Amino acid sequence: MKSDIKLFENGKRLDGRRPDELRKIKIEVGVLHRAEGSCYLEWGDNKVLAAVYGPREAVPRHTQNPLRAIVNARYNMAAFSVDDRKRPGPDRRSREISKVISEALEYVILLEKFPRASIDVNIEVLDAEAGTRVAGLTAAAVALVDAGIPMKDIPVGCAAGKIEGKVVLDLGKEEDNYGDADLPIVISPRTNEILLLQMDGHLTPKEFDEALDLAIKGCHEVSKMQKEAIMKKFEKEAQ
Amino acid sequence: MTIIPSIKKDYLIKLAKNGKRVDGRKFDEFRNIEIEVGVVKKAEGSARVKIGNTQVITGIKMDVGEPYPDSPDSGVMSTAAELIPMASPDFEAGPPREDAIELARVVDRGIRESELIEVDKLCIEPGEKVWIVFIDIHILDYDGNLFDAASLASLAALMTAKVPAEQFELGEDYPLPLKEPPISCTSVKFNGVVVMDPSLDEEEIAEARLTVATDKNGDIRAMQKGLNGSFTVEEIKKVIKASTDNGKKIREQLYKSVGK
Amino acid sequence: MNLEKRTIVIPSQLLGDVKKDKAGSGTFIENGKIYSEVIGVLNRNKEYINVTPLKGRYNPNQNDFVIGIVMEAMQSSWLVDINAAYPALLHVNEVPWDVEFGETEKYLNHGDVVMAKVLSVDQEKKLNITLKDRNLYKVKGGNIIDVEPSKVPRIIGKKGSMISLLKKYTNCRIFVGQNGRIWIDGEDKGIKKVINTIELIQKESLSYGLTNKIENLLKNDAKDVQ
């Protein structure tokens, strides 16, 4: 989508950020009473809430896997979270995002420990502003740790993109709407393995390398914040 | 499904016989209420309410659309509730079940019948264009008494909502025109005892439920009896009195939190 | 007393190397390195590196004492919720009564509470429990609360020190299930005190000197009542 909006002014982006700068992120762990693990996360103007139940016996029975647990991640946008009210219920976009998030989480959770069980992850977007899927997964990862689910790593997501020919980190709303490419990824920070990758727009192979590199760097920055938030909550108990 | 152990039910009943509740509250006492407004930037109005550990967010979205044929000069309001899976291990994903539908409709009636929203002031072009107000209730944490939490969150969200006129080039944004809000108070009955603002345990053994919405004059604006037990006339009158008294206190807190 | 600060570790945290250490519970090995798999407390036992989880579902082990809630009475068995990832099976052969085929409902029904023992856990995590033991039975009266299964050892205390304190100062009967369920019986005041104290123990489970702190609190409470 083209427009007259200038996304770059004096090397600074619309919201004053540098090309490799993340929006402000805030992470709170264990915010719900009923859920076994939960996380509230703000990323720029995004507000997401993630909650985990499980492992518990998978229902309906025919979805059970006798060798391992299954991961049911459900990504949903609240009706009031977007500019034009969204009709409640999963649409095709939400279902696709739910699927790629489930797959990313299945890689890091030690599923063989819980045959026939399911690990249910609920991600609600309460306020949306570009990058909700990586924000959602990042919150879900923290909620899984909070629930005591055994994992081989704490996955983390971040997106990079291209605006006005320049590769930048963490697209904001206008940049997502009027930019040239969007590349959200999720990695396993311990090994740098890519667990989720989607891309739309136009990138030359060189630009892709640059964007991927930048997104991975962003992921590590956010990973640090996840771990700090987790330690903050649990170290309080050790006072 | 979460099972209620029989000894727990017996324990709650035993305490109630001695005039006590598990968390030490009086029979007509509410848990701690927290109200926070303006929590969702994208919404035209929003509020987060906690009653005890029960937590609800309501968001108000507005759009321009056609009026109902039988009220061509009135704005339209629509209420929906989502009992999302994160709020309880027993909530499943999927289309709204009757609980969600009943919840939305009871909250809707409380607002509609009290004429809280001045819908005659929401007309843009008679018979053609009116403002539509969407009230979307998102239950985040279920620990008893969704009716009052949902209703209160919806009221606080409406009372801080702005009509997005600028977005539709219909002038400047202005506050949603409202009258006085009705406050809803819910009670449940188990084993002949009636308690207000049921906790999760109390709701799980409840035989009958009664929600009463009262206005600032102490008049009744909406009522709903639920579940398959019964109330005596005497009990209903007592509940109405307690609802009016608590309604007054909650109304004060509501006004304070929306900055009135 | 070991006054080292308790070390909290998170999933994926590097703890050691297979060349020098042995991977204990709560850890996994990848490329010769030992990592934590859960959020928990690090403890080394000789050359074993273990992580004790701070949160998570109850993981049943054979011979665990558990408090179960009956879900369903079937023809010759009952399905019981023991707060694990899966329901447990209680077969008619594993109860002290002589139950005729199809008469299970006469003995245990939906909502009944039982003190049971874990009989077996198989590879597919199918669980069996038993009521055939001196201390096992169907529970009557009292109240039941849920706690984090990982906090159960703290609530019991070393050699039962914490739980003995609770019983002494509240005059209540208390049974703690490994599965994070606790049954309490006594006077209303006593039950309330037990519940509040257990809440405090859960909150401060990692702090040192907790047993003494709780003892002092309970002692002072008792004095006030006098």
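Order of the sequence lines fixes the chain letters, A, B, ..., with proteins taken first and strands second; residue numbering starts at 1 for each chain. Every value quoted in this text rests on a predicted model; they were computed, and no experiment measured them.
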Legend entry - Y35(C) side chain reached by R190(A) side chain, heavy atoms, under 4.5 Å: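 Yes; the side chains approach each other to less than 4.5 Å.
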Inset, instruction - Specify the closest pair of heavy atoms between P11(C) and V145(A), including all atoms of both residues, with the distance to one decimal. - result: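 Residues P11(C) and V145(A), closest heavy atoms: CD-CG1, 3.9 Å.
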Point-to-point distance, once rounded to the nearest 0.5 Å, from [atom1] of [X] to [atom2] of [Y]:
X	Y	atom1	atom2	value
T7(C)	E235(A)	OG1	CD	9.5 Å
E124(C)	Q64(A)	CD	CD	9.0 Å
S36(C)	M151(A)	OG	CE	10.0 Å
F234(A)	I39(C)	CZ	CD1	4.5 Å

Does a sphere of radius 6.0 Å around [atom1] in [X] hold more than 12 heavy atoms from other residues, nucleotides or ligands, not counting ones at 6.0 Å or beyond?
X	atom1	answer
N192(A)	CG	yes
R95(A)	CZ	no
Y107(C)	OH	yes

Give, as side chain, backbone, both or neither, the part of [X] having an atom under 4.5 angstrom from any heavy atom of chain C.
X	result
S188(A)	neither
L110(A)	side chain
A117(A)	both

Legend entry - K126(C) portion near chain A, given a 4.5 angstrom heavy-atom threshold: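 For K126(C), the contact with chain A is made by backbone and side chain together.
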Legend entry - chain A contact via Q123(C) - side chain, backbone, both or neither, heavy atoms under 4.5 Å: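 Contact with chain A involves the backbone of Q123(C) alone.
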Among [options], single out the residue with the greatest number of heavy-atom pairs under 4.5 Å to chain A.
options	value
V38(C), L14(C), V9(C)	V38(C)
G56(C), A85(C), P87(C), P53(C)	A85(C)
Q13(C), R57(C), E148(C)	R57(C)

I'd like to know which of [options] tops the heavy-atom pair count under 4.5 Å against chain C.
options	value
A69(A), G54(A), P189(A)	G54(A)
L67(A), D146(A), L144(A), I230(A)	D146(A)
P66(A), G148(A), P55(A)	P55(A)
K227(A), E57(A), M231(A), R116(A)	R116(A)
I149(A), V108(A), D153(A)	D153(A)

Inset, instruction - Can you check whether anything in residues 22-44 of chain A gets within less than 4.5 Å of chain C, heavy-atom wise, and list it by number? - result: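 Listed by number, the contacting residues are E36(A).
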Legend entry - Polar side-chain atom of K125(C) near backbone of K113(A) as donor-acceptor pair, under 3.5 Å: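 Such a contact is found between K125(C) side chain and K113(A) backbone.
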